[in-house]
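What follows is a single structure, written as structure tokens, with notes after it.
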Amino acid sequence: MKSYIIILIIILSCLNVKGQDYNNAVRLSAGHYWGINYKRMFSQEKGMMGSFQINKSGAQLTGLRVIHSPAFPAKSSKWFFGYGYGVHLAYRTKIESRNLFTPFAPPIVHKGHFFSPGFDGYLSLEYRFLKTPFTLSADYIPGFEFFGPGFFRLNLNNISFSAAFTF
């Protein structure tokens, strides 16, 4: 295992790295899901992001169109606000549903094997380091799913924190 980490560090150090502006980012995220993401920026503002996320209830494959803009341009050039939209395909083994009109009632649990395609939104606040090829971000990816128990479902709890290596 140590040798794999050393080889990964050597490969990453050989790449042409940039601190502030980047074209590619490989991110590890933790939160409601654990995942790995790849972000490709075509310009400083627009790009695409693909992610694979897992948790105890299943897995999700997501593709997003992302747009970045400076969050606090008068104060700092390190903070960026991101937003976008996309689609996902989810595999679930357990789904917990809640009634919006009785928010404190216990959830209804459905167990089984469900495939659910859906639409996603994307909101992000990203901090870019000036001289090192790393970023930190907080992401919120709400989604709307088709199929599965109850047919339509809102996922409003997909919040994650990410650390990325940029190149």
Side-chain angles (χ1 to χ4, degrees), residues 4 8 11-12 15 17-18 20-71 78-100 107-129 133-167:
Y4 290 123
L8 181 65
I11 290 172
L12 292 177
L15 296 171
V17 295
K18 299 176 185 178
Q20 181 72 6
D21 298 323
Y22 62 89
N23 292 329
N24 302 292
V26 176
R27 304 173 359 143
L28 297 175
S29 61
H32 184 69
Y33 288 94
W34 290 87
I36 185 163
N37 308 326
Y38 172 73
K39 187 190 301 186
R40 170 74 175 151
M41 299 301 288
F42 301 115
S43 67
Q44 285 187 329
E45 294 90 21
K46 297 179 182 177
M48 302 291 284
M49 184 170 78
S51 67
F52 179 71
Q53 302 170 322
I54 59 171
N55 69 1
K56 63 182 178 187
S57 300
Q60 182 168 311
L61 184 63
T62 306
L64 296 168
R65 173 80 166 140
V66 296
I67 298 137
H68 283 229
S69 61
K78 297 178 185 180
W79 291 94
F80 286 83
F81 174 70
Y83 60 95
Y85 55 90
V87 295
H88 74 266
L89 179 63
Y91 168 73
R92 309 255 188 245
T93 56
K94 181 173 88 170
I95 294 177
E96 294 182 1
S97 301
R98 293 188 179 273
N99 186 345
L100 294 176
I108 301 166
V109 177
H110 303 278
K111 292 187 178 183
H113 301 283
F114 310 103
F115 284 97
S116 299
F119 295 114
D120 293 315
Y122 175 73
L123 294 173
S124 172
L125 185 62
E126 181 176 277
Y127 180 81
R128 297 179 185 174
F129 295 95
F134 293 100
T135 65
L136 299 174
S137 66
D139 302 317
Y140 178 57
I141 306 174
F144 177 77
E145 289 186 350
F146 303 100
F147 310 122
F151 292 99
F152 303 112
R153 186 166 104 72
L154 287 173
N155 290 329
L156 300 176
N157 58 354
N158 192 355
I159 298 172
S160 63
F161 298 96
S162 302
F165 175 76
T166 62
F167 54 99

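With hydrogens and angles ignored, the 3.5 Å screen pairs no side-chain donor or acceptor of T166 with any backbone N or O of A25. In this structure, the side chain of N55 engages the main chain of G58 through a donor-acceptor pair within 3.5 Å. Y140 places no side-chain N or O within 3.5 Å of a backbone atom of G121 that could act as its donor or acceptor partner.
In this structure, OH on Y33 lies 7.0 Å from CG on N157, to the nearest 0.5 angstrom. Here N158 contributes atom CG and S160 contributes atom OG; the two are 6.0 Å apart, rounded to the nearest 0.5 Å. In this structure, the separation between CZ on F144 and OG on S116 is 11.0 Å, given to the nearest 0.5 Å. The CG atom of N23 sits 10.0 Å away from the CZ atom of F42 when rounded to the nearest 0.5 Å. To the nearest 0.5 Å, the span separating OG on S57 from NE2 on H110 amounts to 12.5 Å. One finds the OG atom of S51 at 7.0 Å from the CG atom of L61 (value rounded to the nearest 0.5 Å).
Test V66, I141, D139 against S124 for side-chain contact (heavy atoms from CB on, under 4.5 Å) and you get one pass: D139.
Put simply, the side chain of L154 does not reach to within 4.5 Å of the side chain of P142, judged on heavy atoms. With contacts defined as side-chain heavy-atom distances shorter than 4.5 Å, the pair P133/F165 qualifies. Between R153 and R92, the closest side-chain pair of non-hydrogen atoms falls below 4.5 Å. Counting heavy atoms from C-beta on, the side chains of R128 and F80 come closer than 4.5 Å.
Checked by atom type, the side-chain pair E145/H88 shows a donor-acceptor distance below 3.5 Å. Checked by atom type, the side-chain pair S137/R27 shows a donor-acceptor distance below 3.5 Å. Residues N24 and Y38 bring a donor and an acceptor atom of their side chains to less than 3.5 Å of each other. Remark: the K39 side chain and the H68 side chain contain an N/O donor-acceptor pair separated by less than 3.5 Å.
Between F167 and Y22, the ring centre distance reaches or exceeds 6.0 Å. A ring-centre distance under 6.0 Å is found for F115 and Y91. Between F146 and F119, the distance from one ring center to the other falls under 6.0 angstrom.
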Quiz item: Can Q53 and W34 be said to form a side-chain contact (heavy atoms from CB on, under 4.5 Å), step by step?
Solution: CA-CA 5 Å; Q53 302 170 322; W34 290 87; over 6 Å; no

Self-check item: Worked check of side-chain contact (heavy atoms from CB on, under 4.5 Å) between Q60 and L89
Solution: CA-CA 6 Å; Q60 182 168 311; L89 179 63; over 6 Å; no

Exercise. Could you walk me through whether K46 and M41 pass side-chain contact (heavy atoms from CB on, under 4.5 Å), step by step?
Key: CA-CA 6 Å; K46 297 179 182 177; M41 299 301 288; 5.8 Å; no

Quiz prompt | CA sep, side-chain torsions, deciding dist, call: T135, Y127, side-chain contact (heavy atoms from CB on, under 4.5 Å) | solution = CA-CA 6 Å; T135 65; Y127 180 81; over 6 Å; no

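Annotation for Y122 and Y85: closest pair CB-N, 4.5 Å, computed over non-hydrogen atoms. Counting all heavy atoms, side chain and backbone alike, D120 lies closest to T62 at OD2-CG2, 3.4 Å. Summarising the geometry of H113 relative to T93, their closest heavy-atom pair is ND1-CG2, 4.2 Å, with the distance given to 0.1 Å.
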